[in-house]
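Worksheet: one structure, shown below.
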Amino acid sequence: MIIWIDITNTPHVHFFTPIIEHLKKYYHIIITARQFSETIPLLYEKGYNPIIIGEHQGISRIRKVKGMMSRVKALNIAVPVFDVSMSIGGQVTTILSRLRKKPSIVFTDNDISYKKHVYILGSYFVFPEYFDINTVKTPSKRRKVIQYSGFKEQIYLADYQPNMIFLDNLPFKDYYLLRPENLKASYVPRHSKSLVPDLLKLLRNENVLFLPRYPEDCNYCNGYNNIYVPSSVVNGLDACYFSKAVLTGAGTLAREAALLGIPSVSFFPGNKLLSVDKAMVEKGLIYHTHNPTDIMNYLKGASKKNSFREDNHLIQNQVFQILDHIFNRLRND
C-alpha cells in the first residue's frame, strides 16, 4: 500500500514524524509539502525529502482558493499513484483523492475554520476527544469520525527529548518565548491587530526569543536590544522547554508549552477559541487573554509544572492503533 502525506505547515512536521516512522515499516510513503514558514527546512532536518508544491497565498481569501485549486492541479501531475492520502486539514488531499477515487484520512483539531468540502469529500476523520464534532455539518460524515484521547500534540511529544545544548546557540540562558498571531490565516477574524507591539514594550527589561511567522513580523523588533531573532530554524519544542514562559498568538505552541509543563499564554485573536484550547483554558493549562497587562501579571506568579509524558505514550499508541485498523480495513476491502 502506498500512502501519500501532504504537509503544509511547520507544526504538521512534528505531528507526522512519529506517524511516518510507524507506517514506513509496513508501507511506502510519499511526502509532499508547501513552502511556508519553517516547513521545508524542518522536513529536511528530519531526514525527509518531500516533493515541494505551492506556497502560502497570504491573507486574501480569493487568492487562497485560487492557490488551493492551482496546487491541486500541480499535485495531480507531481504525485504518483497512491492508495490513500493523509493530511492535517484535508483541504487539498480530499479533492485530489476524490478525483482519483481513493480514500483520504483527515486529521485536525481546528473546529472553527471552514471545511465544508473536506467533510463532503473526506473518508475518515481522526480528531482529538475535545474536538466539537457538531461542527461537522454533514451528519453522515459524523459516523466517520474517530476520536482519540487527549490532544494532538501529545502524539509527537511522546518521543520528545530536549536538546541539552539548545541554550548554547542563544545569547542568553533565561528568556520568554514570543510568537506572533497568524493574521493571514483564514480562521483569524479579519482586521485583527497584533498584540505583539504592546507585549514587547512590557517585556523590554526581559530577554525575548522571538519566532516570526512572516519576514515582516521582524519589524516588531526594531529599536529593541533585548530580543533575539534566530537566523535559522530552531526546534520549537526546545524553545518552549527551556523558556520561562511561552506567549503566542496561536494554539499549537501554547498547547505544546502547556503539555511540557511550561507556563503558557495564548493571545489568539477574536473571542472564539478552538474547542481544544477551551479545554486547556478550563483545565488551567493555558491562560488566554487579549490584555497585555493581565498577561504580565499572570507571568509574575507563573511557574513550571509537571509534564504529561506518561499520557503521551498512551495517546500515541492509541492513534497508531486507529491508523492500523483503518489500513487493515482498506487492505481487505
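Values in this document were obtained by computation on a predicted structure and should not be read as measured data.
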Y26, L330: one ILVMFWY side-chain cluster at the under-4.5 Å cut-off? yes

Under a 4.5 Å cut-off applied to non-hydrogen side-chain atoms, are Q147 and V145 in contact? yes

Could you check whether atom NZ of K73 has more than 12 heavy atoms from other residues, nucleotides or ligands sitting under 6.0 Å from it? no

Positive for side chain to side chain contact (heavy atoms under 4.5 Å, CB included) with L177, one of V234, V208, L253, I262: L253

Minimal non-hydrogen separation, A254 against S266, with atom names: CB-CB, 4.3 Å

Would you say K193 has more than 12 foreign heavy atoms packed within less than 6.0 Å of its NZ? no

Using the test ring pair (Phe, Tyr, Trp, His ring centres under 6.0 Å), find all partners of H313 that sit at least two apart in sequence or belong to another chain. none

What pairs of residues pass the ring pair (Phe, Tyr, Trp, His ring centres under 6.0 Å) test when at least one of them lies in residues 72-108, not counting sequence neighbours? W4-F82, F15-F107, F16-F107

Are F320 and P18 packed together at the side-chain level, in the sense that at least one heavy-atom pair is separated by less than 4.5 angstrom? yes

Using every non-hydrogen atom in the two residues, find where L274 and N110 come nearest and quote the distance to one decimal. CD2-CA, 3.6 Å

Does the side chain of P80 come within less than 4.5 Å of I30's, by heavy atoms? yes

At what distance, to the nearest 0.5 angstrom, does CG of L247 lie from CG of L199? 6.0 Å

Enter the distance from I3:CD1 to I29:CD1 here, rounded to the nearest 0.5 Å. 4.0 Å

Got a second to check how far D277's CG is from F151's CZ, nearest 0.5 Å? 8.5 Å

Take I295 and H288 through the side chain to side chain contact (heavy atoms under 4.5 Å, CB included) test and state the conclusion after the steps. CA-CA 8 Å; I295 290 175; H288 177 262; over 6 Å; no

Non-neighbouring partners of K244 that pass side-chain hydrogen bond (donor to acceptor under 3.5 Å, both in side chains), sequence neighbours left out: E206

Partners passing ring pair (Phe, Tyr, Trp, His ring centres under 6.0 Å) against Y156 (at least two apart in sequence or in another chain): H14

Donor on one side chain, acceptor on other, Q318 and S149, under 3.5 Å: yes

By ring pair (Phe, Tyr, Trp, His ring centres under 6.0 Å), Y160 pairs with (sequence neighbours left out) none

Identify, with sequence neighbours excluded, every residue that meets side-chain hydrogen bond (donor to acceptor under 3.5 Å, both in side chains) alongside K24. E21

Donor-acceptor pair, distance only, cut-off 3.5 Å: does the side chain of N317 make one with the backbone of L314? no

Tell me if the CZ atom of R329 is crowded by more than 12 foreign heavy atoms within 6.0 Å. no

Give a yes or no on whether L195 and L299 share a hydrophobic cluster (residues Ile, Leu, Val, Met, Phe, Trp, Tyr; joining criterion: side-chain heavy atoms under 4.5 Å apart). yes

Do I105 and L323 have side chains that approach each other closer than 4.5 Å (heavy atoms only, starting at C-beta)? yes

Given side chain to side chain donor-acceptor pair (under 3.5 Å), test E45 with N235 step by step and report yes or no. CA-CA 10 Å; E45 185 180 293; N235 187 317; 4.9 Å; no

Going through the distances and angles, do I88 and N9 end up as a side chain to side chain contact (heavy atoms under 4.5 Å, CB included)? CA-CA 9 Å; I88 291 181; N9 201 351; over 6 Å; no

Determine whether a donor-acceptor pair (N or O, by modelled atom type, separation under 3.5 Å) exists between the side chain of D111 and the backbone of F131. no

Aromatic ring pairing F172/Y175, orientation class (parallel under 30°, perpendicular over 60°, tilted between): tilted

Using the test side chain to side chain contact (heavy atoms under 4.5 Å, CB included), find all partners of T10 that sit at least two apart in sequence or belong to another chain. S37, E38, T39, L42

Is there a side-chain contact between D324 and H22, using heavy atoms and a 4.5 Å cut-off? yes

Give the intermediate values and the outcome of side chain to side chain contact (heavy atoms under 4.5 Å, CB included) for residues K102 and D83. CA-CA 6 Å; K102 299 295 182 181; D83 298 299; 4.3 Å; yes

Hey, could you give me the NE2/OG1 distance between H12 and T108, rounded to the nearest 0.5 Å? 7.5 Å

Can you confirm whether S97 sits close enough to L121 that some side-chain heavy atom of one is under 4.5 Å from a side-chain heavy atom of the other? no

Taking only residues two or more places apart in sequence or in another chain, which ones pass side-chain hydrogen bond (donor to acceptor under 3.5 Å, both in side chains) with E282? none

Sequence-distant partners of N297, side-chain hydrogen bond (donor to acceptor under 3.5 Å, both in side chains), two or more places apart: none

For residues 121-136, pull every pair meeting side chain to side chain donor-acceptor pair (under 3.5 Å), keeping only residues two or more places apart or in separate chains. Y130-K283, D132-N134

Are S87 and T93 linked by a side-chain donor-acceptor pair shorter than 3.5 Å? yes

Is it true that a side-chain atom of R34 and a backbone atom of T8 form a donor plus acceptor pair closer than 3.5 Å? yes

Quick one: list whatever passes ring pair (Phe, Tyr, Trp, His ring centres under 6.0 Å) with Y27, sequence neighbours left out. F327

What pairs meet the ring pair (Phe, Tyr, Trp, His ring centres under 6.0 Å) rule with one or both residues in residues 215-250, with sequence neighbours excluded? F166-F242

Residues D6, R71: salt bridge by 4.0 Å N-O rule: yes

